[in-house]
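To start, the structure itself, in structure tokens.
Letters go in sequence order (proteins before strands), and every chain restarts at 1.
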Number of protein chains: 2
Amino acid sequence: MPKKSKKADIIDTATVLFAGKGFANTSMAEVASLTGIAGATIFYHFKTKEELFVSVLENVKTGLVQAFSLYFQEEHFPTGLERLLGAVAYHLHLSETKKEWFLLLRRHYTHELAAVHPACRRHLEVVYTCLVEIFEKALTIGQEDGSIGPLSAKKTALIILAMVDGILQLESNNLYNAGTLYSELLASCRRMVENKQ
Amino acid sequence: MPKKSKKADIIDTATVLFAGKGFANTSMAEVASLTGIAGATIFYHFKTKEELFVSVLENVKTGLVQAFSLYFQEEHFPTGLERLLGAVAYHLHLSETKKEWFLLLRRHYTHELAAVHPACRRHLEVVYTCLVEIFEKALTIGQEDGSIGPLSAKKTALIILAMVDGILQLESNNLYNAGTLYSELLASCRRMVENKQ
DNA sequence: GTACTAACTGATCGATCAGTCAGTATTACG
DNA sequence: CGTAATACTGACTGATCGATCAGTTAGTAC
């Protein structure tokens, strides 16, 4: 196994903790102990707790953008509609294999900090722009090939993102076994955007 | 103006603070000072911070259930489809006039506590059951009168709830001016559930 | 080896905060 | 009025946590 730098180890540990327990409830001491280093070491690599958080978010951003770009490099779709449904399905899939990423993005602190911290805001914007544009592009393609009806691609992309995110939220809050809803979600998306023959 | 009890004052102040800054970032001292009472007074009415939070949540539950019940007492709809869209619109409307309620329900701490604290969990369940059943009932009525197509009422109700909640989330995170999306959201709901003629 | 730098650490500090307690004010009632 | 309960308060405590700092170790260059 490749020996990772301690700095990267800290970021990995912090990602899980920030995502799982939130910023305020995660202590630097806990990050240090789970990483297997002394408490003061974190402050050598990151000046403040906030700076650590931003590094974590940047790391998530990079990973997420890369994952989607890779997916569309390998997959190809006959119609825009199928491309859209593929994107939704991959979004759902990623949120299972990389739960921490999406938990972190859904944490309130992430958005509170973004309102105040320019670098943090930029990372968040990149993530959301990436997600929205994926849907938007699929919708535009679908309108050209006739698989998708006439609607505002931009606004519909936002609504689909909200819908997917809302389902993931329900699931992560253990309110309903949302896994059961995945196929129903895809069907609902299809009904929502497909061209009435 | 009716003189309110200090206990009710504390709950009102705490609702705004817990909703706006979260549980961990709200100090009992702040709640006390904004309510205009001494710090120790809160602990006379509520044994712990957690108990205060549960009282706040209970209060939100009561208000929310009442608001929806009142709405459907006064409004009547010609079709199930219109009833559904009315419910969605009222949900969006309430989330503006009673922002704190929905912010509180979306806070992670609310769900983390619910996983451990039975009374808290019960309050949350009442709220979500109320919201889901409103959509579910409208869908069922619509299927009977032919305005809504054949689909699982329960699952579709969950998806619509997730969609509305997702839009509100986008808005409260200042990511997009989601207000612009309200009419598009209603149109999308309609396309999703209406009976193909 | 020596010299220099980067990585890392243990001990500690100051601030914050939930919760306690012993006591004071306020109300209700005979 | 008296007295008893309820409502409220100021001063304090113990624990937690972010951050600092003086110092040690590991790595690299010569």
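Counting only distance, with no hydrogens or angles, the side chain of Lys49(A) and the backbone of Thr26(A) share a donor-acceptor pair below 3.5 Å.
Rounded to whole Å, atom C1' of dA15(C) lies 14 Å from atom NZ of Lys49(A). If you measure from atom CD1 of Ile37(B) to atom C1' of dA25(C), you get 15 Å, rounded to the nearest angstrom. Between the CG atom of Asn25(B) and the C1' atom of dA15(C) there is a distance of 15 Å, given to the nearest Å. Rounded to whole Å, the distance from CE on Met28(B) to P on dT20(C) is 11 Å. In this structure, His45(B) places its NE2 atom 18 Å from P of dA18(C), rounding to the nearest Å. To the nearest angstrom, C1' of dA7(D) lies 11 Å from CD1 of Ile10(B). Rounded to whole Å, atom P of dA7(D) lies 12 Å from atom CZ of Phe46(B). Rounded to an integer number of Å, the gap from Lys6(A) NZ to dG27(D) C1' is 13 Å.
Figure legend: Lys7(B) and Tyr44(B) shown without cation-pi pairing, the cationic atom not lying both under 6.0 angstrom from the six-membered ring centre and within 45 degrees of its axis.
Residue-to-nucleotide proximity on DNA chain D shows that, of Lys47(A) and Ala40(B), the 5′-proximal contact is made by Ala40(B). Between Phe43(A) and Thr41(B), the residue anchored nearer the 5' end of DNA chain D, judged by the nucleotide with its closest heavy atom, is Thr41(B).
Using cut-offs of 30° and 60° on the angle between ring planes, the pair Phe53(B) and Tyr109(B) is perpendicular.
Distances shown here put a side-chain N or O of Tyr44(B) below 4.0 Å from the OP1 or OP2 atom of dA7(D).
For Ala38(B), taking side-chain heavy atoms from C-beta onward, the closest of the listed nucleotides dG10(D), dT20(D), dG19(C) is dG10(D).
Aromatic pair Phe102(A)/His91(A): centroids less than 6.0 angstrom apart.
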